[in-house]
Structures are given as C-alpha cells and as structure tokens.
Amino acid sequence: MSSDALLTVAPQRWARSAYGRLRSLWQRWFLWLLLAVLVSVLLVTVVWLAGRHEVEQVQAQLDRDTADAVSDLRSGFQRNAQSLRATQAPGTDRAKWNDAAAALLREHREWLRLEWRDAALRPVEAVNTPYRMRLLDEASRGPEQSDVMLACAAARKLGAGAYSPSHYVPIAGGGGIEVMEFCVPIDAGGFLVASYSLRDALIELVGPTLTRGQEVAFTETDGTRLVALGSSRRVGTRVFTSQQLIDLPGAALMLRVDGWRAAPDLFPNMLTALVTAISIALVSVLVLLARDTRRRLRAERDLADALAFRKAMEDSVITGLRARDLQGRITYVNPAFCEMVGFTPDELMADNADAPYWPTELAHEYQQRQARRLAGGMPPREGFESVFMRKDGTRFPVLIFEAPLINAHRVQTGWMSAFIDVSEQRRIEELSRASQERLQASARLATVGEMASLLSHELTQPLAAIASYASGSLNLLGPNAKGDQGEVAMAVKRIAEQADRAGQVIRSVHDFVRRRDRTREAVAPQALIDAVLPLVRLQARKLGVIIEVVLEDRLPAAMCDRTLVEQVLLNLARNAMQAMDSPDNVGSRVLRLRVARAVAVGGSTAADDARRWLEFSVADLGCGISDDVAERLFTPFFTTRADGMGLGLSLCRTVVEQHGGALMHEPNRPRGTIFRFTLPST
Ligand code: ADP
C-alpha cells in the first residue's frame with residue numbers, strides 16, 4: 001500500500017476493534033502451535049520408525065545368521081556321518097577300524113568316543129578322543145545304555161543314521177557335559193556309535209561363524225538350555241533372539257542365537273542420524289521463523305501505534321490539511337479541513353476539475369494558480385491568503401501554506417497544504433481597528449475640548465479687561481458725548497458689546513465642553529482596562545515592553561465617563577512607554593497597570609471615604625521626572641518631546657478632577673515614575 005493510499009484510508013478502517021485484534025492474534029499463535037505440534041509428532045514418528053526399522057534389520061540379520069548356522073550344523077553332522085561310515089570301508093578288520101577311528105577322533109574334537117557295536121548293541125570295538133580324559137565309563141556303555149538304544153532303534157527303523165536326545169554325563173571332578181549319541185547301521189550288521197559333546201559340536205561346527213556380541217546355544221524344544229557358547233551379555237545392551245529347529249533324525253534340537261547391541265543407541269544408524277539432523281534443522285528453522293514472526297508482530301504493532309498516533313495528531317489539529325497528487329486530485333483531507341469547508345472527504349476527493357470549496361467567481365483564478373503550482377511554481381514560504389467557500393455558500397478568508405509532498409524515495413508525489421481559517425482573526429482586527437479609530441477620534445475631540453476649555457479660561461480675563469476698559473472709557477466720555485466723542489463713545493460701547501458677546505461665546509463653548517459631565521455610568525475597572533489594552537499592546541509590542549495588569553479582587557464599578565477615563569489611561573500608558581523607550585534604558589521594560597481601592601483621597605484617611613474610591617496607577621521603569629519638568633508637568637503645551645503637544649497630562653488632570661478625583665505622580669523604585677489617579681466608585 002502506498003503512503004498516499006495509507007493516508008486516504010477511512011478512519012473507521014483503522015480503528016480495528018480490540019476483539020478482532022485479539023482474535024487474529026490468537027489465530028496466528030494457534031496456527032503456530034498447531035504447526036509446532038504437527039512437526040513434533042512427525043519428527044517423533046520418523047525417529048521411532050527409523051529406530052524400528054533398525055531393530056527389524058538387526059533381527060533379520062540375526063535370523064539369517066541363525067539359519068546359516070543351522071545349515072552349517074546340518075551339513076557338519078552329515079559330513080561327520082559319512083566320515084564315520086567310511087571307517088567301515090576297508091572291511092570288518094578290527095585293527096584297521098581302530099586306526100581309522102583314532103584318526104577320525106583326532107580330526108573331530110566334537111566326538112568323545114566312537115564305538116562299533118554288533119547287532120545286539122554289544123560293543124565290539126571302542127576308541128576314545130585323545131583330547132579329553134576318559135569321560136565315558138566303559139561299564140556304562142553296555143548294550144543296555146538307553147540313549148544308544150534309542151538312537152540305534154531309530155537308526156534301525158530308518159535304515160540310516162539317527163540321533164539320541166542329549167543326556168548329561170557327570171565328570172569325576174565335578175560338573176559334566178551334555179552328550180548326544182549318533183548311531184548308524186553298518187552293512188555287515190551292527191552299528192557304529194559316535195558320542196557327540198554338544199558343546200564341542202557348537203565350537204567346531206558353529207564357532208567359526210560366530211561373531212562378537214553373540215551367544216549361540218543348543219536348547220530343547222521346550223526352551224531348556226543345554227549348552228551355550230559366546231560372550232555373555234553386557235549390561236545396558238539390548239538382546240535380539242532368534243531360534244531355529246535343527247531337525248535331526250531321532251532327536252529334535254533347537255539352535256538359539258542371542259545377539260545384543262548397545263541398547264539406548266540415540267543414532268542407531270545413518271538413516272536415524274540423518275532424520276534426527278533434519279529434525280533438528282527443521283526445529284531450528286521453526287524457532288527462527290517464530291522469532292521472526294514475533295519481531296514482525298512487534299514491528300506491526302509499533303507501526304500501528306505510530307499510525308494511530310499520527311492519525312490522532314492529524315485529527316486533533318485545528319489546521320486544515322490537504323494532500324494533492326501531481327495531477328491536482330485531492331488524495332487526503334483531515335477532519336479539520338472538512339469542518340472548515342463543510343464538505344465530506346468523499347465530496348472533496350471526487351474527481352472534479354474545480355474543487356467544491358472554490359468560490360464560483362474565483363474558480364478561474366484558482367485554476368490558473370493550481371496550474372502554476374503543478375508546473376512546479378513554488379508557493380511563498382510565508383504562505384498566502386485566499387478565499388474559500390463553505391458548503392452553504394458563505395465565503396471566508398484562509399491562510400494557505402503549501403509545500404511539496406516528498407515520499408520515502410525522495411520523489412515528489414504531490415503537494416501538501418495547510419489551511420488556517422483567519423475569519424475570526426480578521427474580525428478581531430477589524431474590531432480593534434474600529435476601537436482604535438474611535439479612541440483616536442475621541443482623543444482628538446478631547447484634546448480639542450481641552451484646548452477650547454483652556455482658551456476660554458485664558459481668554460476670559462483679557463475679555464473681562466477689555467469689557468472693563470470699555471466701560472471705564474464710556475464713563476470717561478460721559479453719557480452725553482457729542483460729535484466725534486459721541487462716535488468714539490459709540491465705538492467703545494460696541495467694543496464692550498462685542499467683548500461681552502465674545503465672553504458669552506466662550507462661556508457657551510466652555511459649557512458645551514463641560515456638558516459631558518452628564519454622561520457618567522458605572523463601569524467595571526476590568527472593562528476600562530480591557531478597552532485600552534489592545535491599543536497599549538500594539539505600541540508595547542513595537543517598543544518591546546511587557547505589560548502587567550493587577551486588579552484587586554471584587555472591585556466595585558467606577559462611576560465615570562467611560563471614553564474620557566479610557567483616554568486618561570491610554571495617555572498615561574503611552575507616556576510611560578515613551579519614557580522607557582530610550583536607548584539608555586537597557587533594563588527591563590515593564591509597564592504595570594494596577595487598580596485597587598483607594599487608601600486616601602485628597603488627604604482624607606477616613607475608611608468610609610476610602611471605600612468609595614478606586615485608585616488606578618500606571619507605573620513604568622523609565623527615565624523618571626526631574627524636578628524642573630515636574631514643576632511644569634501640567635502646564636498646557638509643555639512637552640519635552642519633539643512631536644508632543646503638551647496637552648496630554650493637563651487633559652488627564654481636567655478629566656480626573658471633573659470626576660472629583662486627583663491625579664498625582666511619584667518616583668517608582670528602582671527607577672521610573674508612578675502616575676495615580678482616583679475615581680469615585682459606585
Ligand atoms: P506629551 O505627551 O504630548 O509630551 P504630556 O502632557 O502628556 O504631553 O506630557 C508632558 C511631559 O511630561 C512629557 O513631554 C514628558 O517629558 C513628561 N512625562 C509625562 N509622563 C512621564 C513619565 N511617565 N515619565 C517621565 N516623564 C513624563
């Protein structure tokens with residue numbers, strides 16, 4: 001998803017419910033868990049199957065070995081039978097048979113004794129093995145010897161060699177051996193009997209094929225062990241057993257082979273080792289994958305958080321934001337912008353040539369502006385003003401800041417604009433301009449009034465002097481003056497009349513100026529201060545002055561002519577700021593306006609009296625007032641400034657005194673001046 005597309009996604013699509021998030025998280029972990037369980041089961045099964053395969057292979061090998069041993073045994077017994085019969089080949093010469101039998105016994109260690117018996121099983125000749133002490137007692141080897149009888153009876157019946165079941169022959173020094181008789185009938189009548197030592201038969205006939213870790217044994221068909229050969233079982237090994245029947249004529253013997261291998265063999269063979277190695281690799285990959293997923297999840301969560309944070313930021317800013325692509329289509333708008341123009345995001349992002357918030361009469365001009373922008377024309381950095389139209393058709397001024405929209409690959413993908421609705425600002429500016437004009441007009445009026453008042457005051461005396469000189473002159477001329485004197489008297493009378501008229505004019509002007517007394521009203525001190533603050537601030541900003549306003553709690557309203565008192569405050573504040581505006585004044589520039597209940601007025605300290613008065617003070621940290629300036633401070637037209645009129649303070653004093661209050665000044669600490677004046681409260 002491109003960053004632009006991300007930006008245009010509707011907010012509700014971002015606000016995934018906590019439940020949905022939890023579910024998808026659970027689903028993801030459940031799948032991982034399932035995968036891990038399946039892989040574990042698969043691995044365990046494969047390892048188990050490999051182990052079983054190994055066991056089967058070992059068993060099969062053992063079975064093969066056992067079958068080989070059985071066939072070796074059978075052919076060994078057969079060869080032995082033929083060799084035995086061959087001792088009768090030269091004829092029934094006893095001496096020759098003895099020699100042949102002795103030679104045969106030297107070759108076959110498994111034989112203990114060879115006997116030649118007649119048809120009644122009586123011994124004719126007998127030769128013992130040279131390898132052992134005589135084991136078989138001559139006395140016990142009579143015709144009645146049961147095993148021999150059994151074997152020979154079977155041999156007679158079969159007409160071929162037959163074996164007896166094994167029997168135990170004790171040895172003189174203790175112990176004994178298992179012996180099996182073999183009886184073969186001879187052509188001349190009678191039998192040849194060979195006594196097999198079963199243990200030696202195992203050694204001679206099976207021994208050479210026996211491998212290490214194997215035990216071979218003859219057992220009865222019921223499992224009774226007769227003789228055994230081979231290494232005994234080691235601890236911690238696993239036994240594999242295979243047994244097969246050696247079906248000998250007249251006797252049934254079992255050959256049992258036990259093989260053992262190290263039991264808990266982790267890697268019994270290559271296959272298991274390979275499977276295990278692959279399993280370990282698989283598990284490692286799984287672990288790495290899980291770790292990677294966890295990292296991805298964390299990154300995803302961080303990204304979601306960052307996006308949510310950005311979204312919250314975009315939604316809560318009061319500045320309207322809008323993104324356009326390089327074709328001029330709107331790709332994103334924030335809620336503040338929608339609220340500003342009154343259109344929904346869909347209406348704004350509709351594919352129109354003209355934006356819906358362009359005033360119809362200005363659309364052409366805006367189109368040209370947009371074309372310039374799309375052609376690469378950079379907008380002014382400090383922004384520019386324009387007029388937009390709300391959905392209801394009302395126009396409003398906006399301040400626009402535009403900047404190229406650069407994506408992560410440092411490629412410009414469009415333009416980003418920020419809008420500030422400046423209609424309220426314009427309204428306040430208009431208000432403040434109007435109030436400034438009003439104050440300035442009233443200031444001019446007040447100054448003119450003051451001047452008129454001063455002039456009238458100053459002119460009253462000369463006019464009175466003119467009038468009295470005129471009446472003096474008339475008296476001197478007398479009432480009956482004639483001729484030239486009469487004309488002079490007439491002129492002097494006219495002068496007196498005109499002086500009187502001038503006096504009346506001046507009085508009426510004075511009366512007119514004083515008539516404002518009647519416009520007194522109750523005004524809250526805060527309202528008086530608020531009225532002048534915007535103008536004071538304008539100048540303060542220019543001169544780098546900090547303004548502090550301190551109002552006592554629960555002040556009563558002042559009974560005053562609002563406009564005139566505002567004028568007084570403005571004059572004093574201006575004088576104070578001008579006193580601080582000198583290059584020598586390097587300290588802090590603070591103008592402090594304060595309103596409190598007056599402590600004393602006109603020397604009266606009566607508490608009752610004080611409660612009825614308010615004291616306004618304007619304190620500065622300026623140059624202060626020297627003694628000679630202080631002397632002439634309230635003199636009309638006295639000023640120390642090149643552009644000053646010298647009427648401000650005298651006007652102030654007139655106004656304050658008209659209200660019955662007093663205007664005073666005193667040095668401020670550490671420097672500067674404090675001007676105070678009092679006004680009656682309600
Ligand atoms: P203008 O302001 O036209 O000069 P004002 O009557 O208001 O006339 O002031 C008369 C003079 O008093 C000023 O020129 C100035 O020298 C002095 N003055 C007034 N206020 C202050 C003040 N706060 N600090 C020092 N000097 C002042």
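Just so you know, these numbers come straight off a predicted model, no measurement behind them. For ligands, and for the atoms within them, numbers begin at 1 and follow the listed sequence.
The single protein non-hydrogen atom nearest to atom 4 (O) of ligand 1 is Thr639 OG1, 2.6 Å, given as residue, atom name and distance. Closest to atom 7 (O) of ligand 1, if we only count protein heavy atoms, is Asn575 ND2, 2.9 Å. With respect to atom 2 (O) of ligand 1, the closest heavy atom belonging to the protein is Arg641 NH2, 3.0 Å.
Under a 4.0 Å heavy-atom criterion, Cys652 is not in contact with ligand 1. Ligand 1 is approached by Gly646 to a heavy-atom distance shorter than 4.0 Å. Proximity of Phe634 to ligand 1 is not established, as no heavy-atom distance is less than 4.0 Å.
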Using distance only, find each side-chain donor-acceptor pair of residues 394-401 under 3.5 Å and give its atom names and separation, not counting sequence neighbours.
unit_1	atom_1	unit_2	atom_2	d
Thr394	OG1	Arg390	NH1	3.2
Thr394	OG1	Asp392	OD1	2.7
Arg395	NE	Glu361	OE2	3.2
Arg395	NH1	Gly393	O	2.6
Arg395	NH2	Glu361	OE1	2.6
Arg395	NH2	Glu361	OE2	3.3

When the side chains of residues 334-348 are checked against the rest of the protein, which donor-acceptor pairs come out under 3.5 Å, sequence neighbours left out?
unit_1	atom_1	unit_2	atom_2	d
Asn334	OD1	Leu321	N	2.8
Asn334	OD1	Phe337	N	3.0
Asn334	ND2	Glu314	O	3.1
Asn334	ND2	Thr319	O	3.1
Thr344	OG1	Glu347	N	3.2
Thr344	OG1	Glu347	OE1	3.3
Glu347	OE1	Thr344	N	2.9
Glu347	OE1	Lys391	NZ	3.4
Glu347	OE2	Lys391	NZ	3.0

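Taking all heavy atoms of Asn668, Ile674, Leu633 into account, the minimum distance to atom 17 (C) of ligand 1 is reached by Leu633.
Below 30°, between 30° and 60°, or above 60°: for Phe419 and Tyr357 the angle between ring planes is above 60°, a perpendicular geometry.
For the 3.5 Å distance criterion, the side chains of Thr678 and Glu615 fail to qualify, holding no donor opposite an acceptor. Of the N and O atoms on the side chains of Arg322 and Ser417, at least one donor lies less than 3.5 Å from an acceptor on the other residue.
For ligand 1, the atoms sitting less than 4.0 Å from at least one non-hydrogen atom of Thr640 are 13 (C), 14 (O), 15 (C), 16 (O), numbered in the order shown with element in parentheses.
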